[in-house]
*Asks:* 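Once you've had a glance at the structure underneath, I'll fire off some questions.
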Amino acid sequence: MRIATFNVNSINTRLPALLQWLEETRPDVACLQELKAPQDKFPEAAIRAAGYCPVWHGQKSWNGVALLARGVEPQEVVRGLPGDPADEQSRYIEAVVNGVLVGGLYLPNGNPAPGPKFDYKLRWMERLQARAQELIDSGMPVVLCGDYNVIPTDIDVYKPERWREDALFRPETRAAWNELLGQGWCDALRATHPDQIIYTFWDYFRDAYGRNAGLRIDHLLLSPSLAPRLTAAGVDREVRGREKPSDHAPTWVEFDWP
DNA sequence: ATGTCCGCAAACTGCGGA
């Protein structure tokens, strides 16, 4: 089974690129972030014509997440990250596909830090940790993936010293990430490639992709029950180099599944 | 500090967000 995550940076602007990538790689599940479209502007017909059944949580202008399952309707479990009824940002959706629970998330950026946006990011990470613990306790096979807006370690950024004060790399952010991993989650990309430099995002500025000035911020976490089944993981890097690309590349994991 | 791309409101440019 292959599960991929892709921050599309506008589902409608990126639709041709998305359809091309789906056609080429045919993941069983694709988790999308930054739809940047309200609920009724999601291109459902085009997605279904490509052979994928979607569930999505839209929002005008910003955020927005979706799960696409190839040839089967995902059974939606949760929409919106639990733990704060006042939070109206569309950043989390969960569904079961072929017996695997998939959580797709778009974690807040948090800049500028410090400040209210950074506070929101840290609160959001606390809520994610609470939900993640519930999922571990359930014993279900789970993949928790998306744009985490977290640079885990120095090798996950082209120039660590330039990012120390950034919300994606501050000690509080990485501490929260490490607490999450401490629950028993497996960072699939890093587990598969322990020492490699792997990036999933390149800024639009200053030809960052051409200079390979990237970050690893899109992650796929496997629950303890699933981690032993991990067979491969990678980044569809070339997608970032195409016409009208997202600033993120699709990132994926494969595991043995009946 | 800069840079670029996105959606949106009111338009053919500027702003917030990333």
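This structure is a prediction, so every number in the text was calculated from the model and none was measured. So you know, we letter chains A, B, ... as the sequences are listed, proteins then strands, and number each from 1.
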*Asks:* How far does the P atom of B:dA11 sit from the matching atom of B:dG16, given to the nearest Å?
*Replies:*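 Nearest-Å result for B:dA11 against B:dG16 at atom P: 16 Å.
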*Asks:* Take atom CZ of A:Arg162 as the centre, draw a 6.0 Å sphere, and report whether it contains more than 12 heavy atoms from other residues, nucleotides or ligands.
*Replies:* no
*Asks:* Should we count CD of A:Glu161 as having more than 12 external heavy atoms under 6.0 Å?
*Replies:*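 Yes, CD of A:Glu161 has more than 12 neighbouring heavy atoms, counting only those of other groups under 6.0 Å.
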*Asks:* Would you mind telling me which residue lines up with the more 5' stretch of DNA chain B, A:Gly110 or A:Ser61, judged by nearest nucleotide?
*Replies:* A:Ser61
*Asks:* So what does A:Lys117 touch, heavy atoms closer than 4.0 Å: a base, only the sugar-phosphate, or nothing?
*Replies:* sugar-phosphate
*Asks:* Walking along DNA chain B from 5' to 3', note the first and the last nucleotide with an atom under 4.0 Å from a heavy atom of chain A, and give both.
*Replies:* B:dT2 to B:dA18
*Asks:* Quick check on DNA chain B: between A:Asn12 and A:Asp247, whose nearest nucleotide comes earlier from the 5' end?
*Replies:* A:Asn12
*Asks:* Using atom P of each nucleotide, how far apart are B:dT2 and B:dG7 to the nearest Å?
*Replies:*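 The same atom, P, in both gives a distance of 25 Å.
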*Asks:* Write down the distance separating the P atoms in B:dG14 and B:dA10, rounded off to the nearest Å.
*Replies:*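 My reading of the P atoms in B:dG14 and B:dA10 gives 16 Å.
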*Asks:* Could you work out the separation of B:dG17 and B:dC12 based on their P atoms and round it to a whole Å?
*Replies:*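 Approximately 23 Å lies between the P atom of B:dG17 and that of B:dC12.
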*Asks:* Distance between the P atoms of B:dG3 and B:dC15, in whole angstroms?
*Replies:*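 That atom pair is separated by 15 Å.
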*Asks:* Could you tell me whether A:Arg216 sits above the aromatic face of A:Phe201, with NZ or CZ closer than 6.0 angstrom to the six-membered ring centre and within 45 degrees of the axis?
*Replies:* no
*Asks:* May I ask you to decide whether A:Asp87 forms a salt bridge with A:Arg123, counting only side-chain N to carboxylate O separations under 4.0 Å?
*Replies:*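 The answer is no: the pair does not qualify as a salt bridge.
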*Asks:* Going by the angle between their ring planes, with limits at 30° and 60°, are A:His219 and A:Trp177 parallel, tilted or perpendicular?
*Replies:*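 Ring orientation of A:His219 relative to A:Trp177: tilted.
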*Asks:* Do the charged groups of A:Glu73 and A:Arg48 touch, with an N to O distance under 4.0 Å?
*Replies:* yes
